[in-house]
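One structure is given below, encoded as structure tokens.
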Amino acid sequence: MTGASLAVTLAAALLTAAPASAAPVATALSPSPSPSPSTAASPVLAPGALAADDAPDIDVTKVQAHLTELNAIANRNGGTRKSSGQGYRDSVAYVKGRLQSAGYTVTEQPCTSGCATGAGPNLIAEWPQGDTSSVYMFGSHLDSVGAGPGINDNGSGSAALLETALTLAERNPAMAARARFAWWTDEEQGLNGSDFYVRSLSAAERSRIKAYYNFDMIASLNGGYFINHLTSAAAQPMKAYWDSLGLQPEENTEGAGRSDDYSFEQAGIPTSGYAMGAGARKTSAQAAKWGGTANRAYDSCYHQSCDTTANINVTGLDRSVDGIAATLWKLAVARSTPANDFALTADPASGSVAPGESLTATIATRTTSGSAQTVALSASGAPAGVTVSFSPGSVTSGASATMTVATTASTAPGTYPLTITGTGSGPGAVTRTTSFSLTVKGAGGCTAGQLLANGGFENGTSPWTGDTGAIGAHAGQSAHGGSRFAWLGGYGYTATDTLSQSLTVPAGCSRATLTYWLHIDTAETDHTAYDTFRVKVGDKTLTSSSNTDAAPGYAQHTLDLSPYVGQRITLTFTATEDTSLQTSFVLDDTALQVS
């Protein structure tokens, strides 16, 4: 949680505690007795909200395991996971790797304005099921202050969200809405990562977010049970769960305007969330209700080096993560399989056209349960100058329609994700979606030259996206030319680093050649390819190297990209490591020459 309120001035003083060394996760203080969750009253929910009868009991020991890893990451990086340091980038890599393995659509969003110099990216993960027009977001900041590892602030929220997301993927229930998870950068410098994300959303994208839930410091050792906007409609699922435990939660007045929910609140998006308190002092009434010590800070290690795994209230953490799951299941998970249901597919699922041309694809429907129904087809996500039509516009599930995507001569080159929506009919009607990737090719003649911007990494990180913290003049490796390079991998544990750049290869060119210089060093000792480096255009891997290719110095690599002339492409360099023994892939002086 950031130290200065954006909306209120705190009167509570901070307590100073002597730094403590890292230790195993501590047990919680003994709170007041709690009744069984089965005694819960029915929560007050917006129309269409769903029951949480099947919400899982999240294994808190798995949440603790994530905290242990975040603490270890901080220890390897000077005792901190601050947004501009390698500790933050390693934290992003850890969370990202677990989510990708579970099947999430994961995006790194560089903060290109408003963030501290060198701040790492936001990490956004969406479970690819449910109605895309109805999104529930769950977020926490992943950075710490520079003074400590930030295990309660805010490893606790980050780890709880990660394990909730992994449990959702493992259970894989039918989804009524989209679940989107976010891990924010640069919160400790002023809510900058979440502010950038919200500012980047279009009006239509904001309208699809039905509520945002924030989790910041949910395991304070002397904590209380606080909910943001306690009496709001958005808060009711969270309050209902804690009420079922007899916790009598209170409004989070200390945290008002001080965490990432404020960015969404300012944009008019309903918000809520859990917290257990920061530097303010627990009152006598709160100590009588919840246990703990009156007139002592909720977290005596707030923003200090002693905020380690020893600074965790396991009982509070367990109650928080189970409440997160209950809220997610209540809002986004389907109560049961609809009596009449259908599936939607696009064949092919992608296509490319030159400006002014059109393409077609088949949109097929299939009855998956009950009886066939009428399905109305529509599309969203088309850029200016693109129209999407269907013939026929409605089909009976089991039948197909032809989708025509038409462009104009002025349509901007690029790759655009289209969402195809089928809306069912009759009682209990459902909505299903599928995706289609549209590429509008580049146009015009060819001027011989080099297309990659900042190919030698000497001018900051733009326009590269992904793990841009890999770019710099890092100690321990050297550049091929100049002073800066991209150091991908080198962690010694399961991690993935990517760098991407999108560009248009002019249609009038006859040849396009990619060159790059790569140095590989490794601690692996045999000739098995454990760690890999891949070069991709879009989803296609063009070439791969591994730890078996390690050698002193740099080697130049050349790839023919002529098949992509006339297209808008995304070029991606990806390094992937396994569970042990580091391999570093050091990239420099990339170029895409056309003629």
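What's counted below: heavy atoms across the whole structure, side chains too, no hydrogens, waters or symmetry copies. Throughout, numbering of the chain's residues begins at 1 and tracks the sequence.
- Within the 4.5 Å cutoff, side-chain heavy atoms of F342 are placed close to those of V430.
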Report task. Before giving the answer on side chain to side chain contact (heavy atoms under 4.5 Å, CB included), spell out for T504 and Q567 the whole-Å C-alpha distance, their side-chain angles and the decisive distance to 0.1 Å. Result -> CA-CA 6 Å; T504 299; Q567 297 184 35; over 6 Å; no

**Report entry** Criterion side chain to side chain contact (heavy atoms under 4.5 Å, CB included) on Q501 and N454, from CA distance to verdict
**Finding:** CA-CA 10 Å; Q501 186 173 143; N454 193 20; 5.6 Å; no

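- Closest approach of D322 and I58 over heavy atoms only: OD1-N, 2.8 Å.
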Report task. Go through the steps to decide whether V388 and F390 satisfy the test side chain to side chain contact (heavy atoms under 4.5 Å, CB included), and finish with yes or no. Result -> CA-CA 7 Å; V388 183; F390 300 90; 4.0 Å; yes

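- For Y530, there are no ring-ring contact (aromatic ring centres under 6.0 Å, His included) partners at least two apart in sequence or on another chain.
- Annotation for A372 and S397: closest pair CA-OG, 3.2 Å, computed over non-hydrogen atoms.
- Using modelled atom types, one finds no donor on one side chain facing an acceptor on the other under 3.5 Å when comparing T532 with S546.
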Requested in this report: Show your reasoning for whether side chain to side chain contact (heavy atoms under 4.5 Å, CB included) applies to F215 and M238.
Outcome: CA-CA 12 Å; F215 306 96; M238 311 191 77; 3.1 Å; yes

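- Every pair passing side-chain hydrogen bond (donor to acceptor under 3.5 Å, both in side chains) that includes a residue from residues 171-185 is listed here, sequence neighbours excluded: E126-R178, E126-R180, Q129-N172, R180-Y197, W184-Y212.
- S272 places no side-chain N or O within 3.5 Å of a backbone atom of A234 that could act as its donor or acceptor partner.
- The shortest non-hydrogen separation linking T496 to A93 is O-CB, 4.2 Å.
- Between I363 and L377, the shortest heavy-atom contact is CG2-CD2, 4.2 Å.
- Under the side-chain contact (heavy atoms from CB on, under 4.5 Å) rule, Y94 has a single partner from T494, L99, L162, which is L162.
- At a cut-off of 3.5 Å, with distance as the only test, a side-chain donor of S158 or S140 sits close to an acceptor on the other residue.
- A salt bridge links D341 with R432: at least one charged nitrogen is closer than 4.0 Å to a carboxylate oxygen.
- D143 and S83 share no donor-acceptor pair across their side chains, judged by distance under 3.5 Å alone.
- Taking each heavy atom of V505 and V565 in turn, the nearest pair found is CG1-CA, 3.7 Å.
- Contact of the P121 side chain with the Q109 side chain is not registered, since no non-hydrogen atoms from C-beta on lie closer than 4.5 Å.
- In terms of the ring-ring contact (aromatic ring centres under 6.0 Å, His included) criterion, residue partners of W464 (sequence neighbours excluded) are, by chain and number, F457.
- Side-chain contact between F264 and N214 is absent, with no heavy-atom pair separated by less than 4.5 Å.
- Counting heavy atoms from C-beta on, the side chains of Y262 and S194 never come closer than 4.5 Å.
- Between S259 and the choices T271, D216, N228, the side chain to side chain donor-acceptor pair (under 3.5 Å) rule is met once, by D216.
- Under the ring-ring contact (aromatic ring centres under 6.0 Å, His included) criterion, Y493 pairs with Y491, not counting sequence neighbours.
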List, one per line, each side-chain donor-acceptor pair under 3.5 Å for residues 346-355, sequence neighbours excluded.
none

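- Using a 4.5 Å heavy-atom cutoff, the side chains of P173 and L168 are in contact.
- In this structure, L166 and H66 have side chains that are in contact, with non-hydrogen atoms separated by less than 4.5 Å.
- Taking the side chain as every heavy atom from C-beta outward, V386 and Y416 never approach each other to under 4.5 Å.
- In terms of heavy atoms, A361 sits closest to F436 at CB-CE1, 3.9 Å.
- Remark: Y516 pairs with H557, F573 by the ring-ring contact (aromatic ring centres under 6.0 Å, His included) rule, at least two apart or across chains.
- With 3.5 Å as the limit, one finds a donor-acceptor pair spanning the side chains of T408 and S410.
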